[in-house]
Novice: 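Handing you this structure, nothing more for now.
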Amino acid sequence: MLAVHFGAGNIGRGFIGALLYQSSFHTLFVDVNGKVIDEINRKQKYDVVLADEKKEVLTVRNISGINSMIDSEKVVQAIVNADLITTAVGPNVLELISELVARGLQERLHKNPKPINVIACENMVGGSDILKEHVYKHIAEKDHGELNSLVGFPNAAVDRIVPNQMNHDRLEVLVEPYFEWVVEKTAFKGKIPEITGITYVDDLKPYIERKLFTVNTGHAVPAYIGHLMGYHTIYEAMQDRSVLEILEGALGESGEAIIQTYGFNRAVHQEYVSKIINRFKNPHISDDVARVSRGPIRKLGPNDRLIQPAKMYWEITGKSPIMLAKVIAAALMYSHEMDREAVELQQLIEKQGYRHALERISGLKSDHALVPIIMKEMENINAYTRG
Ligand SMILES: NC(=O)C1=CN([C@@H]2O[C@H](COP(=O)(O)OP(=O)(O)OC[C@H]3O[C@@H](n4cnc5c(N)ncnc54)[C@H](O)[C@@H]3O)[C@@H](O)[C@H]2O)C=CC1
Ligand SMILES: O=P(O)(O)OC[C@H]1O[C@](O)(CO)[C@@H](O)[C@@H]1O
C-alpha cells in the first residue's frame, strides 16, 4: 500500500507518517524542504519519541521522499500509483499544492482509474473540501464527473501536539503521547483504508468543532496572553494563575457553545477540557509561544478558533464572551518579526486602527455586538502586560 503524503514536517512525520507505518503503508513524503527529503531518502527511517517519563521510541520505516520543487513529475507518477493521499502542510499551503495534486489525479484518470481518497490533515474546518475546490480549478471540466466518482476528499480532525523540534537528528520527532485522528466516513470512494488509530464518523462537524474550539482555542490562550505577558513557552505561561483563569473562562464559553450546539454531555465535555489543560502543562514538551501563535490573521478568521466560538456563544446564550474577547484582543496585539502574518497584521493596524483591522480580518460587521466587546477588552488587556 502506497500513501503519498504532502508535508514532511512535525505532524507529517510525528503523527500521520507514524500511523501509516503502523498500518503497513509505504509513505512517500512530498515536501519543498530539500534537506528533509534528502535525509528521508538517505536514512529511510526516523524515530518518533513520546514526550513522557518513559520516552518510548517508535522507529518509522518504509519511507521515501520527493522534493516537489525539482521532481514534480515523480509526484505525478506517485499519485497515479497511490492508494491514499494525505496532507499536513498548513491551511494556507493547500492552494499551493493543489495544481500538483490535480496533475497527478488527472493522469491517474487515464492510467489507473481506480478510487482513491485525499485527506487533508490540517487545523481547519472542511480542509479536504477546500483542497478539493482548489484541485478542481486545475482539472478540465470534461473530467469533473469522472474525478468526482473516483476521488473522495474526506474531511478530518487531527489532534496531537508536536512542537518545533530541537534534535540533533533532522528527522527525529518528539510528540506528545496523546493523539486523535477523526475522519468523515461518508465521503470515501472505494474501500475505506484500514489505518491504526483513525476513528471513522458519519458526521465530522461536531468533532472538528469540538477539537478546534477546545484544543486550539485553549492553546491560543497561553500563546497570545502568554506572549503579552512576556513568556516564551507554553509551559511557562501555564504556570501563571491569570493565564489559567482566562483559559478556563475561554473554554467555559466555547464549551457552552459546543455543548448547546451539538448536545455533548456536559460532564464528559468537562473531562475533555481538563485533559486538554493537562496536555498544555506537559513538562516534557517545550513548545514555543511563537509556534502556537503563528498565523494570527488565519487564527482571527471568521471560522477559526477565536471568532467562531465567540459568535456561537453570543448567539446561543445572549451573553458577552468576555474571556474569548480578551484572547482575541491579545491576538490582535500579537507582533513577531519572523511571522509574516503577524507583520501584516500590525501593518494593517497601524494604517487602519484596531477596530477596522478586526472587522476586516474577522468578517464581523461593524454593527456586530462582538466588536465593542472586543474593543473594550483591548483596553483591559494592557493590565496583563508584565513589567
Ligand atoms: N504541530 C502540531 O502540533 C499540529 C499541527 N496541525 C496541523 O498540521 C499542519 C502542519 O503543521 P506542522 O506539521 O506543525 O507544520 P510544519 O511546518 O512542521 O510542517 C509543514 C511542512 O509542509 C511543508 N511544505 C510547505 N509548503 C509545501 C508545499 N508547497 N509542498 C509540500 N510541502 C510543503 C514544509 O516544508 C513543512 O515540512 C497544519 O495545518 C497544522 O495546523 C494539526 C495538529 C497538530
Ligand atoms: O497549527 P496551528 O493551526 O497553527 O495552531 C497551533 C495549534 O495547533 C496545534 O499545533 C495542534 O493542535 C496546537 O499545538 C496549537 O493549538
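The model shown is predicted, which means the values in this text are computed figures rather than measured ones. In listed order, ligands and their atoms are each counted from 1.
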Novice: What protein heavy atom lies closest to atom 25 (C) of ligand 1? Include the residue and the distance to one decimal.
Specialist: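 Residue, atom and distance for the closest contact: V32 CG2, 3.9 Å.
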Novice: Which is it for V89 and ligand 1 at heavy atoms under 4.0 Å: side chain, backbone, both or neither?
Specialist: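 Both backbone and side chain.
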Novice: Under 4.0 angstrom from ligand 1, any heavy atom of M124?
Specialist: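 It does not, in that no heavy atom of M124 comes within the 4.0 Å cut-off of ligand 1.
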Novice: Taking atom 42 (C) of ligand 1 as the point of reference, which of N164, V215, N123 owns the nearest heavy atom?
Specialist: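 Result: the heavy atom closest to atom 42 (C) of ligand 1 is in N123.
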Novice: Just heavy atoms, cut-off under 4.0 Å: does R279 contact ligand 2 by side chain, backbone, both, or neither?
Specialist: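 Answer for R279: neither.
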Novice: Between F213 and Y262, is there shared hydrophobic-cluster membership here, with clusters defined by ILVMFWY side-chain heavy atoms closer than 4.5 Å?
Specialist: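 Linked, F213 and Y262 end up in one cluster.
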Novice: Name every donor-acceptor pair, under 3.5 Å, that has one atom in a side chain of residues 316-327 and the other anywhere in the protein, sequence neighbours excluded.
Specialist:
residue	atom	partner	partner atom	Å
T317	OG1	Y313	O	2.7
T317	OG1	K319	N	3.0
K326	NZ	E377	OE1	2.9

Novice: In the protein, which heavy atom is nearest to atom 40 (C) of ligand 1, and how far is it?
Specialist: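 For this ligand atom, the closest protein heavy atom is R294 NH2, 3.8 Å.
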Novice: Got a list of side-chain donor-acceptor pairs under 3.5 Å for residues 193-205, not counting sequence neighbours?
Specialist:
residue	atom	partner	partner atom	Å
T196	OG1	S23	OG	3.1
Y200	OH	P193	O	2.6
D203	OD1	K205	N	3.2

Novice: Cationic tip of K211 within the cone over Y207's six-membered ring, i.e. under 6.0 Å and within 45° of the normal?
Specialist: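 Output no; distance or angle outside limits.
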Novice: I need the nearest protein heavy-atom contact for atom 3 (O) of ligand 1: residue, atom name and distance, please.
Specialist: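 Going by distance alone, atom 3 (O) of ligand 1 is nearest to V162 N, 2.8 Å.
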Novice: For ligand 1, which atoms sit closer than 4.0 Å to a heavy atom of R291?
Specialist: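 This gives 1 (N), 2 (C), 3 (O) as the contact atoms.
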Novice: Return the closest protein heavy atom for atom 5 (C) of ligand 1 as residue, atom name and distance.
Specialist: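 Going by distance alone, atom 5 (C) of ligand 1 is nearest to I11 CG1, 3.1 Å.
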Novice: How far is atom 9 (C) of ligand 2 from its nearest protein heavy atom, and which residue and atom is that?
Specialist: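 Here the nearest protein heavy atom works out to N123 ND2, 3.6 Å.
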Novice: To the nearest 0.1 Å, how far is atom 12 (O) of ligand 2 from its closest protein heavy atom, and which atom is that?
Specialist: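 The closest one turns out to be N216 ND2, 3.0 Å.
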Novice: Any atoms of ligand 2 less than 4.0 Å from a non-hydrogen atom of R298? List them with their elements.
Specialist: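 Every atom of ligand 2 under 4.0 Å from some heavy atom of R298: 2 (P), 3 (O), 4 (O).
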Novice: Considering only the protein, which heavy-atom contact is closest to atom 10 (O) of ligand 2, and what is its distance?
Specialist: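 Answer for atom 10 (O) of ligand 2: R291 NH1, 2.9 Å.
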Novice: Numbering the atoms of ligand 1 from 1, which are under 4.0 Å from a heavy atom of P91?
Specialist: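 It comes down to these atoms of ligand 1: 39 (O).
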Novice: Backbone, side chain, both or neither: what part of I161 comes under 4.0 angstrom of ligand 1, heavy atoms only?
Specialist: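 For I161, the contact with ligand 1 is made by the backbone alone.
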Novice: Taking only non-hydrogen atoms of G127, do any sit less than 4.0 angstrom from ligand 1?
Specialist: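 G127: no contact with ligand 1 (<4.0 Å).
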Novice: For atom 1 (O) of ligand 2, what's the nearest protein heavy atom and its distance?
Specialist: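 Checked against all protein heavy atoms, atom 1 (O) of ligand 2 sits closest to R294 NH2, 2.7 Å.
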Novice: Centre of Y272's six-membered ring, under 6.0 Å away, within 45 degrees of the axis: is that where NZ or CZ of R210 sits?
Specialist: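 R210 over Y272 ring: yes.
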Novice: Between K376 and E379, is there a salt bridge with N-O shorter than 4.0 Å?
Specialist: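 Salt bridge absent between E379 and K376.
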Novice: Could you tell me, atom by atom, which parts of ligand 2 come under 4.0 Å of a heavy atom of R305?
Specialist: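 Counting from 1, the qualifying ligand atoms are 2 (P), 3 (O), 5 (O), 6 (C), 7 (C).
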Novice: What protein heavy atom sits nearest atom 15 (C) of ligand 2, and how far off is it?
Specialist: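 Atom 15 (C) of ligand 2 sits closest to the protein heavy atom H219 ND1, 3.0 Å.
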Novice: Is D159 salt-bridged to R279, going by a charged N under 4.0 Å from an acidic O?
Specialist: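 Yes, charged N to carboxylate O under 4.0 Å.
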Novice: Taking C-beta and beyond as the side chain, do E172 and V49 meet within less than 4.5 Å on heavy atoms?
Specialist: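 Touching, per the 4.5 Å side-chain cut-off.
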Novice: Atom 38 (C) of ligand 1: which of R13, E122, H5 has the nearest heavy atom?
Specialist: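 Nearest option to atom 38 (C) of ligand 1, by heavy atoms: E122.
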Novice: Can an N or O of K299 be found at a distance shorter than 3.5 Å from an N or O of ligand 2?
Specialist: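 Min N/O separation from ligand 2 is below 3.5 Å for K299.
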